[in-house]
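Only one structure is covered here, and it is reproduced in the block below.
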Amino acid sequence: MQSDTVEMFRSRRVASSRDVEHARQVLGEVFLPVDFPSARKSGNFDMRLNALTEGRLTCGHMLFGDALHIETVPARS
């Protein structure tokens, strides 16, 4: 992960993970269920999540060590 990346909501760290399953769990709890079909369980996975929730609105900043594809379910109101 690049150290020169601007990290929004830095004081609101929710999770850091090198484990694909843990990242899925955390992102599913904060946002919606997600999957990383391009991530390999034994690969070099790295994720940081900062989030701020106010009422029904959640703003987040995610950083991943490598580019990957994220799939999620459609949001419902």
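Side chains included, hydrogens not; waters and symmetry mates left out as well; all remaining heavy atoms used.
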Answer yes if the side chains of Glu29 and Gln25 hold a donor-acceptor pair under 3.5 Å, and no otherwise.
yes

Side-chain contact test, heavy atoms from C-beta onward, threshold under 4.5 Å: evaluate it for Glu71 versus His69 and give yes or no.
yes

Side chain to side chain, Leu49 and Leu27, heavy atoms closer than 4.5 Å
yes

All N/O donor-acceptor pairs, side-chain side in residues 30-37, below 3.5 Å, sequence neighbours left out:
{"residue": "Asp35", "atom": "OD1", "partner": "Arg24", "partner atom": "NE", "Å": "2.9"}
{"residue": "Asp35", "atom": "OD1", "partner": "Arg24", "partner atom": "NH2", "Å": "2.8"}

Could you measure the distance from the CG atom of Asp46 to the CZ atom of Arg18? Nearest 0.5 Å is fine.
4.5 Å

Distance in Å, Phe64 CZ paired with Met47 CE, rounded so as to fall on 0.5 Å steps
6.0 Å

Salt bridge (Lys or Arg N to Asp or Glu O under 4.0 Å) filter on Arg13, not counting sequence neighbours, yields Glu7

Residue list, salt bridge (Lys or Arg N to Asp or Glu O under 4.0 Å) with Asp19, at least two apart or on another chain:
none

Kindly give the heavy-atom pair with the smallest separation between His22 and Ser17, and that separation in Å.
ND1-OG, 2.9 Å

Kindly give the cluster partners of Phe9, where membership spreads through any ILVMFWY side chain lying under 4.5 Å from a current member.
Met8, Leu52

Residues in side-chain hydrogen bond (donor to acceptor under 3.5 Å, both in side chains) contact with Thr58, at least two apart in sequence or another chain:
Thr53

Taking only residues at least two apart or on different chains, which pairs with a member in residues 59-68 satisfy salt bridge (Lys or Arg N to Asp or Glu O under 4.0 Å)?
none

